[in-house]
Amino acid sequence: MEVKELPLRKCVSCGQMLPKNQLFRLVKTPEGVQLDTSYKAQGRGAYICKNKSCLDNALKKKSLNRSLRQAVNEEVFNILYTELENDR
């Protein structure tokens, strides 16, 4: 039986190509920007590495805002930092 490879996605902060299960996916919806844990939600999506330095860099340089074409609330970053802590 063949093992299916996960597709690669690019981090908006560092530009590194990684399998999508190693990245957070944020999606732009009519309600605002949300974390997409299913990786299947409809809407404009952006991926970011699951590490603190990439999150800090994205917050500082506003790379998620640019990628999603919408302002990302600090509340979304708090959710990402919480998810990062829970993963460890």
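What you see is a predicted model, and the numbers here were worked out from it, not measured in a lab.
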In terms of heavy-atom contacts, C11 and L23 come closest through CB-CD2, 4.3 Å
Check your understanding: Between Y39 and Y47, does a side chain to side chain contact (heavy atoms under 4.5 Å, CB included) hold up when you go through it step by step?
Key -> CA-CA 10 Å; Y39 295 94; Y47 292 86; 4.0 Å; yes
Correct closest heavy-atom pair for L8 and M17 would be CB-CE, 4.0 Å
Check for me, please, whether V76 and I48 land in the same ILVMFWY cluster - side-chain distances under 4.5 Å, paths through other members count.
yes
Using a 3.5 Å cut-off and no angle test, enumerate the donor-acceptor pairs between side-chain atoms of residues 62-74 and protein atoms at least two apart in sequence or in another chain.
from: N65; atom 1: OD1; to: V72; atom 2: N; distance (Å): 3.0

**Q.** Short side-chain to backbone donor-acceptor contact, D36 and A41, under 3.5 Å
**A.** yes
Smallest heavy-atom separation, E83 atom then L35 atom, equals CG-CD2, 3.7 Å
Interatomic distance, OG@S53 vs NZ@K60, rounded to 0.5 Å, equals 12.0 Å
Quiz prompt | Over 12 non-hydrogen atoms of neighbours within 6.0 angstrom of NZ in K61 | solution = no
query: Counting distance only, does the side-chain N/O of N51 pair as donor-acceptor with the main-chain N or O of L55 below 3.5 Å?
result: no
Sorted by chain and residue number, the salt bridge (charged side-chain N to carboxylate O under 4.0 Å, His left out) partners of R9 (sequence neighbours excluded) come out as none
d(K40 NZ, S38 OG) to nearest 0.5 Å is 7.0 Å
With the 4.5 Å side-chain cut-off for hydrophobic clustering, are V12 and L26 part of the same group?
-> yes
One should read off an interatomic distance between Q34 CD and R25 CZ, to the nearest 0.5 angstrom, of 11.0 Å
**Study point:** Within 6.0 Å of CD in E75, more than 12 heavy atoms from elsewhere
**Key:** no
Problem - Working for side chain to side chain contact (heavy atoms under 4.5 Å, CB included), residues L18 and C49 - result: CA-CA 8 Å; L18 295 168; C49 293; 3.7 Å; yes
Is it the case that the side chains of D56 and Y81 hold a donor-acceptor pair, with the cut-off being a distance below 3.5 Å and no angle test? yes
